[in-house]
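Order of the sequence lines sets the chain letters (A, B, ...), proteins ahead of strands, with each chain counted from 1.
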Amino acid sequence: MVALTQLLLNARDALSAQSFGIGVTGQNVTNVNTTGYVRRDANLATRVGGGVVAVGIRRAADQFLDRRWFAATGASGSASEREGQLSGVESLFADAQGTGLGDAISGVFDAFQTLSQNPSDPTARQGVLDKAAHLTTRLNDTANAIAERRQELLQKAQAAVAEVNAKASEVAQLNRQIAAAEARGEDASDLIDQRNQLILGISSLVDVRTFQDGNGDPVLQAAGTTLVEGDVAATFSLDLAADGSLRLWAQSSGPPATEVTAGLSGGKLAGLKEVRDTDLVELGDRVDQLAWDVASAINTAHAAGFGLDGVGGRVLFALPPSASGAARQIAVDPTLLGHPDRVAASSSAATVPGGSDNAVALAGLADDLVASGGTRTASEAWADVVGDFGTRLARARDTAETRSGVLAQTEAMRQSESGVSLDEEMVNLTKFQHAYDASAKVLATVDELMRELIDKVGR
Amino acid sequence: MDERMRVTDALRYESVRRALQGAAQKHAEAARQASSGSRLESPANDPVAAADLARVSAQKQRVDTQRKTVASVAGDLGLAEAALAESSDLLARAKELAMQGANGSLSASERSMLAKQVGELRSALAALGNTKGARGYLFAGSQTANPPFSTAGAFSGDDQEFVVDVGSGPTGVGASGAQAFTTAGGRDVFQDLTALESALNLNDPVQVAATLDHLEADRAQIGEERGRIGLKQEKLDTSDLLLEDASLSFAESAEKIGSADPFEAFSRMTELAQTLERSVAVSKQLLDLGSLWR
């Protein structure tokens, strides 16, 4: 009789456990397309007496895979951000259609060449001023576009830092909720999924590392410093160094904040910083140097000549005292604006107006090694800038593609471990359903046996 | 993919999405190259080639501008040569008049009429000396804004050589009025005509005869300047040929560097279109795989 009763209880437990399994399967099926969802397995165990009990749910997660996933996301984030931002300034350096800065530089030399054909022609003289103005406008536009892009990148970086701080704060809250749920013996899988999604979001913005400290508290490190430890989150902030470059600071509890810029190695922030503080600065410096070299050479030659008024010593371009900021500040010298007669085509006052030798000398600067410390012609120096930009963008594209491939592979591995397979769930559903049917059959059989026993004994 | 991998639904969809996206991107790039004919839309496609193209484009632009210079100054030089040829003819006519005037049988009034013709020839010569071209008065040296010769033949220009760069550095391409008509070239042509005119007016056949050698020297002087112009024209022609070759060469280089081979581009586009179609077909099959849920 005791055995029959135990059988009855076991059947009852089995029905409950298989129902639990069906419920877990249903949850998996329901969340098949939910981003960040980690499939669950119903954890069934044998109860003393031969029965079965649902002891909980197992998240099919691998923390090592998760760490690789976060790292790959950060690496891919920085590379794709750099590639995207460099692509955004491509039009400044692409010259395949002959409408770029190189064309504007050549235009000035061509204008002097045209002037040399007819030094007294007011149209040819105005042509020199027009081409000079076109060049300065192109240089100003290029420098301003670089400066504006750097300002945009600063704002993007600030937005990214704000996003990191908001997510870090949420991670800290979730850590508290997860610890509380686990202390109560509740399933915290949903909360852990949410936390992982937040960490993934942070890893796309800044490089992260996760581990548990000696007390078992989860620690989230970002940019080489602790961002979240247990339920305490630090905050990141940005400012600009004296040279205008971005600095990242971390503050955990009260001042002083610690600079962590050197630890920044991944995520969107690292990509933004590399483009803003390395690529655009170096490219901008090259354009400044080119502007300075070309304009200085033209100024020197122009000052050696004489305008139609017989006055010499005038420069064509107004320049700052050094190459720094030359592209942004360069302008046609105010003394020449509106005075094409002052363009110095003759090499002496005595040969005005038909003397063309100074115009010839100015046009000939196109072939002279006036740039890059006297090693390159103006067009060669511009070609070097184009090549430099192309190399940077090509390298950024290659890196982004490679890292995207690594991320895809890591995601695939993680999906393979933690993702939901509907076919697999169908098999599980059938498995639990059959077990449920069988348990119900056991229950019915025990019930029948007991009824028969009661009937016979009771008669 | 590891053969022991669990294949989940998200993994299947993601692999289909990636495969389709990759094939579509490659096909779009091939189609862009085939339709635009350019393989260097972005310097990143081939940074070295992009730099080469920028360099070659600048060189071609410079050479093309120098060719325009050749065309421009060649026109003026031709005009100057024609003016000098006509001047030479005028001096030949002056010499004929001098020979007539040197004939002792002519009367004073006949010589006076010859003197008048010589005066007209001198005016005509001054007009030729004041020939204007695209850059101003051709025989004025650097003083191109004003006529270099007065009607009496007084010279107010200079002997400054007009230079341009036609690919080989500063090159003289002007016609020198000083060398052709003034003592800078040996003799003052206008003074010699004036001397002839005076001798005819003075009815002095001996003096008239004395101008014959001078007039011949004047013609030779103009002939020398024509010769120099001829050499300059030859140099311009040579420069033009060299610049034309250079321009074609730079154009070919630019084409080679920046252009996509049309046959290769089209065949690649076709190949990638087929790849894309296959990818779509495979994707359909993957997505239509039988499911236990049906």
Heavy-atom neighbours of Arg286(A) CZ exceed 12 at 6.0 Å:
yes
Can you say whether Glu161(B) sits under 4.5 Å from chain A via the side chain, the backbone, both, or neither, judging by heavy atoms?
neither
Answer with side chain, backbone, both or neither: which region of Ser404(A) has an atom nearer than 4.5 Å to a non-hydrogen atom of chain B?
both
Using atom types as modelled and distance alone, determine if a side-chain donor or acceptor of Arg6(B) lies under 3.5 Å from a backbone N or O of Gly419(A).
yes
Mark yes when over 12 heavy atoms from residues, nucleotides or ligands other than Gln409(A) sit less than 6.0 Å from its CD; otherwise mark no.
no
Any Arg397(A) side-chain heavy atom under 4.5 Å of Ser42(B) side chain
yes
So Gln415(A) and Val7(B), side chain to side chain contact (heavy atoms under 4.5 Å, CB included) or not? Walk me through it.
CA-CA 8 Å; Gln415(A) 260 298 320; Val7(B) 178; over 6 Å; no
Interface moiety of Ala350(A) toward chain B, non-hydrogen atoms closer than 4.5 Å:
backbone
Atom group of Glu90(A) that falls short of 4.5 Å from chain B, counting heavy atoms:
side chain
Measuring only between side-chain heavy atoms, which start at C-beta, is Gln113(A) closer than 4.5 Å to Arg62(B)?
yes
Interatomic distance, CG@Leu422(A) vs CZ@Arg12(B), rounded to 0.5 Å, equals 8.0 Å
From the list Ala58(B), Ala10(B), Pro47(B), the residue making the most non-hydrogen contacts under 4.5 Å with chain A is Pro47(B)
Given that the side chain runs from C-beta out, which part of Asp121(A) has a heavy atom under 4.5 Å from chain B: side chain, backbone, both or neither?
neither
Given a strict heavy-atom distance threshold of 4.5 Å, which part of Val385(A) is in contact with chain B: side chain, backbone, both, or neither?
neither
Can you say whether Arg39(A) sits under 4.5 Å from chain B via the side chain, the backbone, both, or neither, judging by heavy atoms?
side chain
How many angstroms lie between CG in Asp46(B) and OG1 in Thr391(A), if you round to the nearest 0.5 Å?
9.0 Å
In terms of heavy-atom proximity below 4.5 Å to chain B, should Arg414(A) be classed as side chain, backbone, both, or neither?
neither
When every non-hydrogen atom of Asp367(A) is compared with those of Asp165(B), the smallest separation belongs to OD2-OD2, 4.5 Å
Atom CD of residue position Glu264(B) - does it have more than 12 heavy atoms of other residues, nucleotides or ligands inside 6.0 Å?
no
Heavy-atom distance under 4.5 Å between the side chains of Leu11(B) and Glu411(A), does that happen here?
no
CZ (Arg68(A)) with more than 12 external heavy atoms under 6.0 Å:
no
Looking at Ser91(A), Ser116(A), Ser379(A), which has the largest count of heavy-atom pairs under 4.5 Å with chain B?
Ser116(A)
Check whether any side-chain heavy atom of Asp9(B) lies under 4.5 Å from a side-chain heavy atom of Glu424(A), and answer yes or no.
no
Engaged part of Val48(B) at the chain A interface, taking heavy atoms whose separation is under 4.5 Å:
neither
Do Gln160(B) and Asp357(A) make a side-chain contact, defined as non-hydrogen atoms from C-beta onward lying under 4.5 Å apart?
yes
Chain B heavy atoms under 4.5 Å from Ser120(A): which part of the residue, side chain, backbone, both or neither?
side chain
Drop me the distance from Lys68(B)'s NZ to Thr114(A)'s OG1, to the nearest 0.5 angstrom.
7.0 Å
Write out, in numerical order, the residues from residues 128-144 of chain B with a heavy atom short of 4.5 Å from a heavy atom in chain A.
Ala134(B), Arg135(B), Ser142(B), Gln143(B), Thr144(B)
Can any side-chain N or O of Ser356(A) pair as donor or acceptor with the backbone N or O of Val163(B) at less than 3.5 Å?
yes
Give the minimum heavy-atom separation between Pro43(B) and Phe93(A), together with the two atoms involved.
CG-O, 4.3 Å
More than 12 non-hydrogen atoms from neighbouring residues, nucleotides or ligands closer than 6.0 Å to NZ on Lys232(B), yes or no?
yes
Say you draw a straight line from OG1 of Thr377(A) to CD of Gln59(B); how long is it, rounded to the nearest 0.5 Å?
7.5 Å
Pick from Val173(B), Thr69(B), Asp64(B), Val164(B) with the largest number of heavy-atom pairs that fall under 4.5 Å of chain A
Thr69(B)
Heavy-atom pairs under 4.5 Å with chain B - which of Val386(A), Thr351(A), Leu393(A) has more of them than the others?
Thr351(A)
